[in-house]
Amino acid sequence: MLRVEDLTVSYGSVVALDGVSFAVERQGVLHGIIGPNGAGKSTLMDAITGRRKPTRGRVWVDGVDITERSVEWRRRHGMSRSFQRTSIFPGLTVREQLELVASQLGEPDLAHIVDAFELRHVYDKPADVIAYGDQRRVDIALAMIGKPRLMLLDEPAAGLSTAETIALFEHLVVLVRERGVTALVVEHDVDAVFRFCDAVTALDLGRLLITDSPARVRSDERVVSAYLGTAA
Ligand SMILES: Nc1ncnc2c1ncn2[C@@H]1O[C@H](COP(=O)(O)OP(=O)(O)O)[C@@H](O)[C@H]1O
Ligand SMILES: [Mg+2]
């Protein structure tokens, strides 16, 4: 359903992403992106969402070449992303924010998202005063509204404890399956990635190391020496 081919992004003389190709075959899967700092993970996400124009290469979704499409076009055609912020308008409650976005995007089942992310206990509180872990789940809930087909999450668990990260992935994996959303997730906690993701892409220095099952990626020599060996 998603295919990137020879995707390359240069910032002046820095090649942040260098000829990366991989595919996500099915709907309703969690696909992890791992790699050391500066590997090009965020640049890859930005090239797929259209925030960053690739220097070279193509992006296809459901067989359609979307490389030249705008961010807005992609959003209208089922691509969403998280923003690592929870206040669209300061002072609005969690309920008001979610309901606002749900009415804009025509979400038929907001209650399902709210329940799946366990947001009832903060529903009528201003989004900027709730606990940080709850804010992260609101952020992903916002990206889940409107039945996107493809969701891009860049470090959704940043700043969370290991236990909170596991809880967040547990919520995410349920919604991804139930709603048939495919999610691309950049995540530093490789244990969470290997436990919850259906497939994993590993990057290093802008290049693709491997795209495969969690078990194969975990034991891949290049991944171990580029990342896992030094991550601990
Ligand atoms: N706006 C930018 N201008 C110049 N260089 C950038 C910019 N954004 C990222 N880079 C460089 O591109 C490379 C990849 O960055 P990034 O995609 O943010 O990596 P990651 O998300 O894996 O940590 C790094 O070398 C980084 O310094
Ligand atoms: Mg990044």
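Atoms within each ligand, like the ligands themselves, are counted from 1 in listed order. It should be emphasised that the depicted structure is a prediction, and the values quoted were computed from it without experimental measurement.
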Derivation and outcome, salt bridge (charged side-chain N to carboxylate O under 4.0 Å, His left out), residues Glu155 and Arg136: CA-CA 10 Å; Glu155 301 193 26; Arg136 296 268 57 81; over 6 Å; no
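Looking from atom 5 (N) of ligand 1 to the surrounding protein, the closest heavy atom is Tyr11 CD1, 3.3 Å. Summary of contacts: the protein heavy atom closest to atom 12 (O) of ligand 1 is Ala16 CB, 3.2 Å. Thr43 OG1, 2.5 Å is the protein heavy atom nearest to atom 17 (O) of ligand 1. For atom 18 (O) of ligand 1, the nearest non-hydrogen atom of the protein is Ser42 CB, 3.8 Å.
Atom 27 (O) of ligand 1 is never approached by the protein to below 4.0 angstrom, counting heavy atoms only.
Ion pairing between a basic and an acidic side chain is recognised when a charged N comes within 4.0 Å of a carboxylate O; Arg222 and Asp204 show no such pairing. A salt bridge does not link Arg195 with Asp189: every distance from a Lys NZ or Arg NE/NH1/NH2 to an Asp or Glu carboxylate oxygen is 4.0 Å or more. Classification of Arg179 and Glu107 as a salt-bridged pair holds, one side-chain N sitting under 4.0 Å from a carboxylate O.
No continuous path of hydrophobic side-chain contacts links Ile33 to Val176 [ILVMFWY only; heavy atoms under 4.5 Å]. When hydrophobic clusters are built by joining Ile, Leu, Val, Met, Phe, Trp and Tyr residues whose side-chain heavy atoms come closer than 4.5 Å, directly or via intermediates, Leu44 is grouped together with Met1.
At least one heavy atom of Gly40 sits closer than 4.0 Å to an atom of ligand 1.
Coordination check, Ser42 versus the Mg ion (ligand 2): passed, since an N/O/S atom of the residue sits under 2.8 Å.
Atoms of ligand 1 lying under 4.0 Å from at least one heavy atom of Ala39, given by number and element, are 19 (O), 20 (P), 22 (O). Ligand-side atoms of ligand 1 in range of Asn37: 23 (O), range being under 4.0 angstrom from any heavy atom.
Applying the ring pair (Phe, Tyr, Trp, His ring centres under 6.0 Å) definition to pairs two or more places apart or across chains, those involving residues 24-76 are Phe22-His31, Trp73-His77.
Selection from Gly206, Ala47, Gly38 by nearest heavy atom to atom 14 (C) of ligand 1 gives Gly38.
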